[in-house]
Amino acid sequence: MLEEEDLSSNVLNFLNASFGFDRVVALGGTEFVLFTRRETESEAKLRPKLIRRWVLVPKDWVVLDRSQDILRVARDGRRAGPSPGTLPDISSEAVRPGPRFTERGIEFTTTHFPGDLEIYIPSPYTGTALDAEGRNALGLPPPLEE
């Protein structure tokens, strides 16, 4: 398992974009790592909207790819699954993934919150992370209705 120093000194490659380490959070007896990213909706707009994106994954699912000095998600905590290939680069014009998508062989759920915040959570952990206790630990309001 990676130490906080490794998490804070490397970026997570997720959906072909870089996410920075924010903090470690304990939810339902499991340690999770929260990674964040901010980007503008479109540079072409006069007043582009700021979008905040969070990735929440179990700490033991985060691995360091030493050959590229980046973090990746891996369900087994050792080797990241295959590159998604079909997902768009979210850093270009704020492309958003669907409500459910797969990254490195892991199914994620997208949940939207007020203030243009979206969070990506492995589907098996969505209930734990988004119940009242989980939202409180993460500092989140109730999610927007889809």
Side-chain angles (χ1 to χ4, degrees), residues 1-43 45 48-141 143-144:
M1 189 178 309
L2 295 175
E3 299 298 321
E4 224 170 282
E5 180 180 322
D6 293 319
L7 296 169
S8 63
S9 62
N10 295 282
V11 295
L12 176 72
N13 182 277
F14 188 85
L15 295 176
N16 299 320
S18 297
F19 287 77
F21 171 73
D22 188 81
R23 65 187 184 269
V24 175
V25 181
L27 302 173
T30 302
E31 276 194 313
F32 286 83
V33 182
L34 178 63
F35 295 94
T36 62
R37 171 184 177 83
R38 291 176 193 245
E39 59 192 55
T40 55
E41 180 181 47
S42 171
E43 295 296 329
K45 289 187 172 183
K49 184 172 33 171
L50 183 66
I51 298 172
R52 297 177 301 145
R53 299 172 192 251
W54 290 7
V55 178
L56 184 72
V57 291
K59 186 176 180 185
D60 59 353
W61 287 18
V62 180
V63 296
L64 176 59
D65 180 342
R66 295 194 188 280
S67 67
Q68 297 183 13
D69 285 331
I70 58 173
L71 301 170
R72 298 189 191 277
V73 293
R75 185 184 314 270
D76 66 2
R78 291 187 305 246
R79 186 180 1 198
S83 177
T86 58
L87 288 175
D89 178 349
I90 65 166
S91 64
S92 62
E93 296 282 326
V95 172
R96 292 182 164 165
R100 288 188 183 268
F101 62 93
T102 301
E103 169 74 354
R104 303 270 172 199
I106 301 167
E107 183 179 281
F108 281 82
T109 300
T110 303
T111 305
H112 298 275
F113 290 89
D116 292 313
L117 168 66
E118 53 192 46
I119 184 168
Y120 312 125
I121 304 167
S123 296
Y125 292 101
T126 304
T128 301
L130 298 181
D131 66 12
E133 186 178 325
R135 287 194 326 268
N136 187 45
L138 292 166
L140 293 170
L144 295 172

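What's counted below: heavy atoms across the whole structure, side chains too, no hydrogens, waters or symmetry copies.
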Which heavy-atom pair separates [X] from [Y] by the least distance, and what is that distance?
| X | Y | result |
| --- | --- | --- |
| Ala129 | Leu138 | O-CD1, 3.9 Å |
| Pro122 | Ile106 | CB-CG2, 4.3 Å |
| Leu27 | Ala137 | CD2-CB, 3.6 Å |

Could you tell me the separation between the [atom1] atom of [X] and the [atom2] atom of [Y], rounded to the nearest 0.5 Å?
| X | Y | atom1 | atom2 | result |
| --- | --- | --- | --- | --- |
| Glu118 | Arg52 | CD | CZ | 10.5 Å |
| Lys49 | Asp116 | NZ | CG | 4.0 Å |
| Leu130 | Leu140 | CG | CG | 7.5 Å |
| Arg66 | Asp6 | CZ | CG | 6.0 Å |
| Phe113 | Trp54 | CZ | CH2 | 8.0 Å |
| Asp131 | Asn136 | CG | CG | 10.0 Å |

The test is side-chain contact (heavy atoms from CB on, under 4.5 Å); show your working for Val57 and Val62 and say whether it passes.
CA-CA 7 Å; Val57 291; Val62 180; 3.5 Å; yes
Output all residues satisfying side-chain contact (heavy atoms from CB on, under 4.5 Å) with Glu31, sequence neighbours left out; order by chain, then residue number.
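Glu31 satisfies side-chain contact (heavy atoms from CB on, under 4.5 Å) with Met1, Val24, Lys59 only.
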With sequence neighbours left out, write down each residue that passes side-chain contact (heavy atoms from CB on, under 4.5 Å) with Asp65, or none if nothing qualifies.
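Residues passing side-chain contact (heavy atoms from CB on, under 4.5 Å) with Asp65: Ser67, Gln68, Ile70, Arg72.
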Measure the shortest side-chain to side-chain distance between [X] and [Y] over non-hydrogen atoms and say whether it is less than 4.5 angstrom.
| X | Y | result |
| --- | --- | --- |
| Val33 | Val25 | no |
| Ile119 | Leu56 | yes |
| Glu107 | Thr126 | no |
| Val63 | Leu2 | no |
| Val73 | Leu12 | yes |
| Thr128 | Thr30 | no |
| Thr109 | Pro99 | no |
| Leu7 | Leu71 | yes |

Chi angles and distances behind the side chain to side chain donor-acceptor pair (under 3.5 Å) call for Thr36, Arg53:
CA-CA 6 Å; Thr36 62; Arg53 299 172 192 251; over 6 Å; no
Hydrogens and angles aside, do Arg37 and Ser18 bring a side-chain donor and acceptor to less than 3.5 Å of each other?
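Judged by distance alone, the side chains do not pair up.
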Answer yes or no: are there more than 12 heavy-atom neighbours, outside Arg38 itself, under 6.0 Å from its atom CZ?
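Counting neighbours around CZ of Arg38, 12 or fewer heavy atoms of other residues, nucleotides or ligands fall under 6.0 Å, so no.
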Would you call the rings of Phe101 and Phe108 parallel, tilted or perpendicular, taking 30° and 60° as the class edges?
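Because their plane-to-plane angle is under 30°, the rings of Phe101 and Phe108 count as parallel.
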Evaluate the criterion side-chain contact (heavy atoms from CB on, under 4.5 Å) for residue pair Tyr120 and Leu15; output intermediate values, then yes/no.
CA-CA 10 Å; Tyr120 312 125; Leu15 295 176; 4.1 Å; yes
Distance flag, aromatic centroids of Trp61 and Phe32, threshold under 6.0 Å
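They do not qualify: ring centres at least 6.0 Å apart.
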Kindly write out the residues that satisfy salt bridge (charged side-chain N to carboxylate O under 4.0 Å, His left out) with Glu4, not counting sequence neighbours, or none if the list is empty.
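Glu4: no salt bridge (charged side-chain N to carboxylate O under 4.0 Å, His left out) contacts found.
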